[in-house]
Amino acid sequence: MIYADNNQNCDFKILYVYAGTKDEENIPRSILEIFNRGYKTCIPCIKENGEAVLYVGLGEISSFNLTRIKEVVAYSLKQLRKYNIKNVAMDISTFLKEYGIESISEVVLGIRLGLYSFKGYGTLKKEENHHIFLQGYPKEQEDIVNKEISLAVNVAEGVILARDLVNTPANKLTPIIMADSIRKLGEKAGFEVEIFDENYITENKMEAFYTVGKSSGNPPRLIIVRYFGGHKEDDITALVGKGVTCDTGGYCLKPANSMAGIKGDMGGAAAVIGAIYSLAKNKIKANVVGIIPACENRISRESFIPGDVINSMSGKTIEVLNTDAEGRLILADAVTYAIQKERAKKIIDIATLTGAVVNALGFSIAGTLTNNREFYSEFTKGYERAGEQYWQFPICDEHRDMIKSDIADVKNMGKNYCGTITAGLFIEKFVEDTPWIHLDIAGTAWVDTPIYEYQTTGATGAGVTSMYYLFKERE
Ligand code: BES
Ligand code: ZN
Ligand code: ZN
């Protein structure tokens, strides 16, 4: 739990200090002599009056920024976790002074995400309960501080929700289970959920989606989430998230050592749900529809095989060259659904789509494509506020040529070049002229080795905060 309470006594107090500034009076001289206050350094100290303090360095004030707050807050709590300390006072005056009330959201995210761990299924695990008391704000701002805390907790919970979904094993999160848990979430957070089964999917000729979905005994579900918090006349933006709850590769089976992450192939879906959860909880003024094609990609008698030609909801035919390039197939029908059935005027699709994006950008930067500069610049504002990183790939006709098929309208992969671009361009064929942003989070949705202090091994919740702030900053 996080509280605003200037007076609470705790086991430990955290104090943040810049290098080379004059806040020395708070720090005992003996500490100053050995503590240079560099970014992400710390030293514990028992003061003469018996107060236990953890001094945490921020580095030079000129190289610090808003997003570093989240990192350094998570860092400091991880330090204290080593000593099993549960009641912590955190002096946030340094942040408030420099970054104002906006810094509260970063503090809260640093706390909640830094202390996150997946509950798991062990029978002996006990719950960790931390109480963090934010201090050092002007008394007359207490109401504002409390308000900011509760808004930020809702954002953090969106990220945590996404992490939990992605960390959940495939046998505990089939498309049906995912649909049910999203239905329950909608009741709690105040968004509408509609779930379509395989009959709807086939009746509406979503053959690209169904071709993947029918490969498994666990049937597919099309999960629709509607949050209309904006004006009636405002455009509807669709957030389309890849929800492959298990990607074995199908007949183009993945090698055993690539299968570790197969349960995490619904990171896009998880991000959509997390973002809409936060938007709804915070009653942000936006009209958003989340569209999640949820299915498994497995081997069975019903599975598709390379060489198959299939239809799609748009009527465009697709030559399947690789059954492991399944994400773009289900997304193709999902974006068509967004345009035809939900009257979406803008589309973001988000997916753990290609290994190629990991080769290109690694684990801290996601790849993007877009057909609309204006929409993308709004997204840029959103992800800069969120502190996530994205890199836009170019689109040229040469790239479009790479997925031309001799026997169908398009094929589901090119040769082994620029795989992130060709995957995105496959989806572009189905969005046509609708303003569109494509987010490939295959590298950023999961970390075996955390890159940031506010991550833990496993799911990161990538994309949630950027999509949230896209709408929030627009308000
Ligand atoms: N879900 C994978 C992409 C992926 C790879 C996600 C690594 C996370 C980590 C996707 O369905 C896939 O298998 N893509 C293929 C496409 C190829 C066959 C054209 C890939 O990237 O190898
Ligand atoms: Zn695949
Ligand atoms: Zn996949």
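Keep in mind that the numbers below use all heavy atoms, side chains included, and drop hydrogens, waters and symmetry copies. Ligands are counted one by one from 1 in listed order, and the atoms in each one are counted from 1 as well. Keep in mind that this is a model prediction, so the values were computed, not measured. Residue numbers count from 1 along this sequence.
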Checklist entry - Would Arg221 count as a cation-pi partner of Phe196, with NZ or CZ less than 6.0 Å from the six-membered ring centre and within 45° of the ring normal? => result no
Next on the checklist: Looking at the Zn ion (ligand 3), is there an N, O or S atom belonging to Val244 that lies under 2.8 Å away from it?
Outcome noted: no
Checklist entry - Which residue and non-hydrogen atom of the protein lie closest to atom 14 (N) of ligand 1, and at what distance in Å? => result Leu353 O, 3.4 Å
Checklist entry - Would you say the side chains of Tyr390 and Thr444 form a donor-acceptor pair under 3.5 Å? => result no
Item to check | Closest protein heavy atom (residue, atom, distance) for atom 22 (O) of ligand 1 | outcome: Gly355 N, 4.4 Å
Checklist entry - Going by atom types alone, do Lys316 and Asn311 pair a side-chain donor with an acceptor below 3.5 Å? => result no
Checklist entry - Are Arg163 and Tyr116 in a cation-pi setup, meaning NZ or CZ lies under 6.0 angstrom from the ring centre and within 45 degrees of the ring axis? => result yes
Item to check | Sub-4.0 Å atoms of ligand 1 with respect to non-hydrogen atoms of Thr352 | outcome: 1 (N), 2 (C), 3 (C), 6 (C)
Next on the checklist: What is the name of the N/O/S atom of Asp247 that is nearest to the Zn ion (ligand 3)?
Outcome noted: OD2
Next on the checklist: Hydrogens and angles aside, do Tyr277 and Glu157 bring a side-chain donor and acceptor to less than 3.5 Å of each other?
Outcome noted: yes
Item to check | Heavy atom of the protein closest to atom 16 (C) of ligand 1 (residue, atom name, distance) | outcome: Arg328 NH2, 3.7 Å
Checklist entry - Hey, which N, O or S atom on Asp265 ends up closest to the Zn ion (ligand 3)? => result OD2
Checklist entry - Atoms of ligand 1 less than 4.0 Å from Lys242 heavy atoms? => result 1 (N), 10 (C), 11 (O)
Checklist entry - Just going by heavy-atom distances, which of Val358, Asp265, Asn322 is nearest to atom 18 (C) of ligand 1? => result Asn322
Item to check | Which residue and heavy atom of the protein sit nearest atom 15 (C) of ligand 1, plus the separation | outcome: Asp324 O, 4.1 Å
Next on the checklist: List ligand 1 atoms under 4.0 Å from Glu326, heavy atoms only on the residue side.
Outcome noted: 11 (O)
Checklist entry - Does Glu326 put an N, O or S atom under 2.8 Å from the Zn ion (ligand 2)? => result yes
Checklist entry - Between Lys172 and Tyr121, is NZ or CZ placed under 6.0 angstrom from the six-membered ring centre and within 45° of the ring axis? => result yes
Checklist entry - In the protein, which heavy atom is nearest to atom 2 (C) of ligand 1, and how far is it? => result Asp247 OD2, 3.6 Å
Checklist entry - Using the ring of each side chain (for Trp, its six-membered ring), is Tyr452 parallel, tilted or perpendicular to Tyr454, with breaks at 30° and 60°? => result parallel
Checklist entry - Which residue and non-hydrogen atom of the protein lie closest to atom 9 (C) of ligand 1, and at what distance in Å? => result Ala442 O, 4.0 Å
Item to check | Mutual orientation of the aromatic rings belonging to Tyr337 and Tyr200 [parallel < 30°, tilted 30-60°, perpendicular > 60°] | outcome: perpendicular
Item to check | salt bridge (Lys or Arg N to Asp or Glu O under 4.0 Å) between Asp265 and Lys242, worked out | outcome: CA-CA 7 Å; Asp265 208 14; Lys242 174 179 174 183; 3.1 Å; yes
